[in-house]
Amino acid sequence: AVEGFERAGCTSMVRRARAVLSLGLTLLGRHEEAQQAWQPDPPQVDADGRLLDAFIAYWLSTLLGPGEDTPSLLLDLADAMPDADTGFGTMIMSMLWTTQGRWGNRPAMETLLSLVESRLGPQSPHLEASTAVLRAWMIAWTGRSGEAQAQGDLVRQDLAWLGDPPLQTAALVHLQAWLAFLKGDHEGAQGRLQALLDAAQASRRPTAEIYRALQGLLAAAGGDWTRVDAFLQALGPTLPQHLQMYGMVRLPWTVVRAENELRLGRPLAAAEMLRPHLERSFHADHCGIHTRLRVSLARAGFAAGDHEQAWADLAPALDEIERSGELLPLLMCGEAALHELQQRRDEGLAPRHWSGVWRQLAERQHPSERAAKLLSEPTSEADARASAPVTGVTAEGGALALLSERERQVAERVARGDSNKLIARELDLSPHTVKRHVARIFDKVGLASRSRLALWYHNQLQSQGR
């Protein structure tokens, strides 16, 4: 297309075709070729062209992580977004959904979202819905599943009013699948992905294979080996040639195959499958597959007895998580993997920041019976206090009798994972008042974090048979 437009002298179409070519090359991981293909001069003059220019510039800047020019590129992108055609703008935002957790670039994405939101007008409801869905994804990437669910519920109402536009609706259903998995509803998660897969197949979109690959990842993380076997049989021992180019299919397929080898007691075979993809997975990251790959490789190392190498393989992913605060990829590895890593922590070889990452996991994921189970084995004096009953109170009401009625209402909502803002809205209080209630609760029960409070609250309910 580029060559044909050049021969015809269609300058604007040459620019457009080069931008799309550059984008396609980045998706294939051919980053140097992508930078050579894109020619930003002369600038495009129409609104859609300016948006495409801004997006390609920003996209290429993220290949090696945010640089000095990232803030100005974000401003250019935010400025171009509202002026472009609504459909084109939503297409660009949908492409950003695949990058919100890439390269530890969440802070830059937060900046972009704020800039776009500040420029939205009444004539761009579809673009507003796109930014709202991306906002929900951004919340989820930090592991705050309760807040992400609340944001998603609000967006769902807006999308229904707009007639369920397919791009935004698909992104929201995808998010709901991941949140369902985090809450332990594995069948619900698979059902949502199946709905996306069916819709993609009906319209003959290649994204169908991506949803199938995500189904395989969730099945392996949840220990559903019957579904894993079906997934691997469907794709065969060698990935079909037409799917080899899609990193978002190839990498999940590789990880699921390796985790199946681990299940069968063949850690060396698993490591042999995973190691060649380490560097490429970082640049072709999608939904945290880079973290998942490194976690699986570390588990293979532990199973093979090489614990030092296992932690060395995992360390880059932990570095990225600690720096960016992007916890979702680690959560999506599944409870079994997280418990295994936590058990290995006590061997003395774990990187120094693993304890900090684990603490973030405990504090930010949705507190429920599953989260309480994660924290059920005390590893410190603070853990022991959270697990132990509080003494010095009457039997009636147990330790909860220490709290006022309002404090019990707040504690209940903290235990289910609600943020202070969400609690304030539900109880008709100011966020500052909720913060004071939480501080008083901490003081009364002798705890210092929301995750410990969640565990303590669940223990009190269990002791009363509730």
Side-chain angles (χ1 to χ4, degrees), residues 136 139-140 142-154 156-157 175-176 178-185 188 327-328 331 335 358-378 380 382-466:
I139 294 171
T142 64
R144 289 142 51 205
S145 55
E147 288 183 50
Q149 184 67 58
Q151 170 77 3
D153 291 342
L154 293 174
R156 187 72 197 87
Q157 300 172 22
L175 173 62
Q176 289 171 332
W178 288 64
L179 294 178
F181 178 85
L182 288 180
K183 290 191 292 186
D185 182 10
L327 294 168
L328 183 62
L331 286 170
E335 292 178 39
W358 185 260
R359 205 160 39 244
Q360 289 185 57
L361 280 172
E363 290 173 355
R364 295 193 191 181
Q365 65 179 314
H366 191 80
S368 60
E369 290 183 4
R370 182 182 61 79
K373 182 181 176 183
L374 271 176
L375 298 168
S376 61
E377 296 182 3
S380 68
D383 292 343
R385 281 202 306 273
S387 301
V390 177
T391 59
V393 298
T394 61
E396 182 180 357
L400 290 174
L402 285 168
L403 309 181
S404 68
E405 178 63 26
R406 180 63 86 186
E407 287 167 348
R408 283 197 292 272
Q409 292 173 346
V410 171
E412 176 187 2
R413 286 157 176 79
V414 169
R416 74 187 188 198
D418 291 353
S419 66
N420 286 355
K421 186 179 293 186
L422 203 59
I423 296 171
R425 187 186 312 157
E426 188 170 333
L427 298 180
D428 196 23
L429 302 171
S430 73
H432 182 68
T433 300
V434 173
K435 186 176 180 180
R436 286 208 316 271
H437 280 307
V438 173
R440 281 200 295 268
I441 294 169
F442 284 164
D443 186 56
K444 287 183 177 182
V445 301
L447 300 173
S449 78
R450 297 171 82 90
S451 61
R452 307 298 175 202
L453 177 58
L455 174 58
W456 175 86
Y457 185 83
H458 285 297
N459 285 339
Q460 299 310 312
L461 293 184
Q462 289 173 6
S463 68
Q464 296 175 29
R466 293 164 62 185

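What you see below is based on every heavy atom in this structure, not just the backbone, and it leaves out hydrogens, waters and symmetry mates. Fair warning: this is a prediction, and the values are worked out from it, not measured in the lab.
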Rounded to the nearest 0.5 angstrom, the NE2-CZ distance for His437 and Phe442 is 13.5 Å
Flag for Gln149-Asp153: side-chain donor and acceptor within less than 3.5 Å
yes
If you apply the rule side-chain contact (heavy atoms from CB on, under 4.5 Å), what do you find for Arg406 with Leu429, and how did you get there?
CA-CA 11 Å; Arg406 180 63 86 186; Leu429 302 171; 4.0 Å; yes
Step-by-step side-chain contact (heavy atoms from CB on, under 4.5 Å) determination, Thr142 to Leu328
CA-CA 6 Å; Thr142 64; Leu328 183 62; over 6 Å; no
From CZ (Arg440) to OG (Ser404), nearest 0.5 Å:
7.0 Å
Are Lys444 and Glu407 ion-paired here, with the side-chain N under 4.0 Å from a carboxylate O?
yes
So, taking the atom named CD1 in Ile423 and the one named CD in Glu412, what distance separates them when rounded to the nearest 0.5 Å?
10.0 Å
Rounded to the nearest 0.5 Å, what's the gap from CG on Leu427 to CD on Gln409? Could you check?
5.5 Å
Provide the closest heavy-atom pair for Ala424 versus Ser430 in the form atom of the first, atom of the second, distance.
CB-C, 3.8 Å
Gap separating the CD atom of Gln151 from the CG atom of Leu175, nearest 0.5 angstrom
9.5 Å
Heavy atoms only: give me the nearest Ala411-Leu403 pair and the separation to one decimal.
CB-CD1, 4.2 Å
Correct closest heavy-atom pair for Ala148 and Ile139 would be N-CG2, 3.5 Å
Please report the shortest heavy-atom distance between Leu331 and Phe181, naming the atom on each side.
O-CE2, 4.4 Å
Atom CD1 in Ile441, atom OH in Tyr457: separation rounded to 0.5 Å?
10.0 Å
